[in-house]
Amino acid sequence: MKPFPRRLFSRLLQATAVFTMVLPVVASADTGVVGKISLLQNYETHAGFLVRLDVAMPDPDGCGRTDWYILPDTATRALLSQSMLLTARSTGAQISLVIGGCYQGIPRILHITL
C-alpha cells in the first residue's frame with residue numbers, strides 16, 4: 001500500500017477544517033422576523049413572555065407553534081427585553097426579532113431590535 005501523498009493530505013485537512021467551521025453556521029441558522037406586536041401574554045404555565053406579531057410567524061426549528069414566540073424568563077437581560085417588547089406594543093412600533101431554538105415547545109426569541 002502506498003502512503004498518502006503529502007499535498008493531498010494537506011488539502012484534505014484544509015477542506016475538513018473549512019467544512020467543520022461552516023457546518024454549525026448552516027445547521028443553526030436563526031430566522032429574523034419583522035412586524036408589529038399584536039398581543040403580549042404572561043401565561044401561568046409558560047416560564048416566559050409570549051409574543052404574537054401581526055405578520056406570518058415562521059417556526060424555523062419545528063417547535064410546532066406558529067402563533068406565539070417566547071422570551072424565556074431565564075434569558076440574558078430578560079427584564080430589559082420585556083421592556084423593549086412593552087414599548088413596541090404600547091407605541092405601535094415595528095420590531096425585529098431573531099428566532100432560534102425551542103423553549104417549552106414554542107419558538108424562542110434570541111434577539112430584539114426596536
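In this structure, CG on Leu53 lies 10.0 Å from CD on Gln94, to the nearest 0.5 angstrom. Taken to the nearest 0.5 Å, the CG atom of Leu50 stands 9.0 Å off from the CG atom of Leu39. Rounded to the nearest 0.5 Å, atoms NE2 (His111) and CE (Met84) are 12.0 Å apart. Taken from CD1 in Ile112 to OG in Ser96, the straight-line distance is 10.0 Å, to the nearest 0.5 Å.
One hydrophobic cluster, built from ILVMFWY side chains closer than 4.5 Å, holds both Ile106 and Tyr43. Note on Leu110 and Leu71: separate hydrophobic clusters, where clusters join Ile, Leu, Val, Met, Phe, Trp and Tyr whose side-chain heavy atoms are under 4.5 Å apart, directly or indirectly. Both Leu114 and Val33 are assigned to one and the same hydrophobic cluster, defined by single-linkage of ILVMFWY side chains at heavy-atom distances under 4.5 Å. Residues Phe49 and Ile99 share a hydrophobic cluster, clusters being chains of Ile/Leu/Val/Met/Phe/Trp/Tyr side chains in contact below 4.5 Å.
When every heavy atom of Pro107 is checked against every heavy atom of Trp68, the shortest pair comes out as CD-O, 3.5 Å. Residues Gly64 and Asp59 come closest through the heavy atom pair N-OD2, 2.6 Å.
Screening Ile70, Val51, Val98 for a side chain to side chain contact (heavy atoms under 4.5 Å, CB included) with Ile109, the sole residue that qualifies is Val51.
A donor-acceptor contact shorter than 3.5 Å links the side chain of Asp54 to the backbone of Lys36. Here the side chain of Arg52 pairs a donor or acceptor atom with the backbone of Asp67 at under 3.5 angstrom. Formation of a donor-acceptor pair under 3.5 Å by the Asp61 side chain with backbone atoms of Gly100 is not found in this model.
Contact check for Tyr69 versus Cys63: no side-chain heavy atoms found under the 4.5 Å cut-off. Put simply, the side chain of Arg108 does not reach to within 4.5 Å of the side chain of Cys102, judged on heavy atoms. Counting heavy atoms from C-beta on, the side chains of Leu97 and Val34 never come closer than 4.5 Å. Side-chain contact between Asp73 and Gln82: present, with at least one pair of heavy atoms (C-beta onward) separated by less than 4.5 Å.
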Leu85 vs Ile37, test: side-chain contact (heavy atoms from CB on, under 4.5 Å). Steps then yes/no. CA-CA 8 Å; Leu85 294 171; Ile37 296 174; 3.8 Å; yes

